[in-house]
Amino acid sequence: CFTLRDESMPVADPIIHEITFRRSTDSADQSDSTATLYEFECVQGAYNVGSVFFVRNSWDEIQPLHFAFPTFDVTREDPDDFESAVTGVEITGYTARDVLFFAEYDPETKRMSHWVKWRGLGDASESGSWLFIDGQFVLESYRVDPSYDGEVNDIGIYPPR
């Protein structure tokens, strides 16, 4: 994270969200839990802006957040031409990342979203959403548009069909 690591760069104040939630294991007489979400702008590229997140739990512990991501392979008509027609996208596994691009947190739905462009046009990209459940962000959906065809025509790869 360049903006948090480089002492010569000014660190902008974080965007802060207070999250009130109930855990699935809470009994009816237990009070709601709280968490504070901190977003720091971290990466500025030619056409993407990335952020890292930290969460403070009700015990006053602060931890960095990592988000689950599917890894995938794209199959094309011509494997040597990344602009050739896409014939398939297959999930190959899962990983975790600490940076989300063009991240937005919606306090109403407790949903975090992310969209990263593979090139400036935005016609090739990937996007995802995570729900805040039981004190953590859980992957809800993931979409990818590997087509490089000048149009946005993403396909859902998670949840698997």
Checklist entry - Can you check ring-ring contact (aromatic ring centres under 6.0 Å, His included) on F137 and F53, steps first, answer last? => result CA-CA 11 Å; F137 283 98; F53 295 84; 7.5 Å; no

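- The 12-atom threshold is not exceeded at CD of E104, counting heavy atoms of other residues, nucleotides or ligands nearer than 6.0 Å.
- Contact of the E41 side chain with the V49 side chain is registered, since non-hydrogen atoms from C-beta on lie closer than 4.5 Å.
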Checklist entry - What's the verdict on side-chain contact (heavy atoms from CB on, under 4.5 Å) for I155 and V144, showing C-alpha distance, side-chain angles and the deciding distance? => result CA-CA 6 Å; I155 56 171; V144 62; 4.2 Å; yes

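- Heavy-atom minimum distance, P146 versus V89: CG-CG2, 3.9 Å.
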Checklist entry - Stepwise, does the side-chain contact (heavy atoms from CB on, under 4.5 Å) test hold for N48 with V43? => result CA-CA 8 Å; N48 287 306; V43 178; over 6 Å; no

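- R111 places no side-chain N or O within 3.5 Å of a backbone atom of D106 that could act as its donor or acceptor partner.
- Note that CD1 of I19 and OG of S33 are 11.5 Å apart. Values are rounded to the nearest 0.5 Å.
- Taking all atoms of both residues into account, the shortest heavy-atom contact from V152 to G122 is CG2-O, 3.8 Å.
- Atom CZ of R22 and atom OG1 of T25 lie 9.5 Å apart (nearest 0.5 Å).
- Here side chain to side chain donor-acceptor pair (under 3.5 Å) pairs that include residues 143-152, with residues two or more places apart or in two chains, are R143-D154, D145-S147, S147-D149, S147-N153, D149-N153.
- In this structure, E77 and S84 approach most closely via the heavy-atom pair N-OG, 3.8 Å.
- Under the side-chain hydrogen bond (donor to acceptor under 3.5 Å, both in side chains) criterion, T36 pairs with E18, sequence neighbours left out.
- Applying the salt bridge (Lys or Arg N to Asp or Glu O under 4.0 Å) test to D60 and every residue at least two apart in sequence or in another chain returns R56.
- At a threshold of 4.5 Å between side-chain heavy atoms, the hydrophobic network of Ile, Leu, Val, Met, Phe, Trp and Tyr places F72 and F67 in one connected group.
- Evaluation of the salt bridge (Lys or Arg N to Asp or Glu O under 4.0 Å) rule for E39 yields no partner, not counting sequence neighbours.
- Taking OG1 of T87 as the reference point, atom CG of D78 lies at 10.5 Å (rounded to 0.5 Å).
- For the side chain to side chain donor-acceptor pair (under 3.5 Å) condition, the pairs that include at least one residue of residues 88-103, sequence neighbours left out, are T71-T92.
- Considering every non-hydrogen atom in both A96 and H66, the closest pair reads CB-CB, 4.1 Å.
- Among residue pairs with one or both ends in residues 122-138, those qualifying as side chain to side chain donor-acceptor pair (under 3.5 Å) are S24-D134, W115-S125, W118-E126, R119-D123, E126-Y142, S129-E140, S129-S141; sequence neighbours excluded.
- Atom CZ of F21 is separated from atom CG of L131 by 13.5 Å, given to the nearest 0.5 angstrom.
- When all heavy atoms are compared, the tightest approach of P14 to Y38 is CG-CD2, 4.1 Å.
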Next on the checklist: Applying side-chain contact (heavy atoms from CB on, under 4.5 Å) to M112 and L65, what does each step give before you reach the verdict?
Outcome noted: CA-CA 12 Å; M112 179 73 71; L65 289 180; 5.9 Å; no

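- Note on I15 and F54: separate hydrophobic clusters, where clusters join Ile, Leu, Val, Met, Phe, Trp and Tyr whose side-chain heavy atoms are under 4.5 Å apart, directly or indirectly.
- Each of F102, F69, Y105 was compared with H114 under the ring-ring contact (aromatic ring centres under 6.0 Å, His included) criterion, and only F69 meets it.
- I91 approaches P160 most closely through the heavy-atom pair CD1-CG, 4.5 Å.
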Checklist entry - Would L100 and S51 satisfy side-chain contact (heavy atoms from CB on, under 4.5 Å), going step by step from the backbone distance to the final call? => result CA-CA 5 Å; L100 298 182; S51 298; 5.7 Å; no

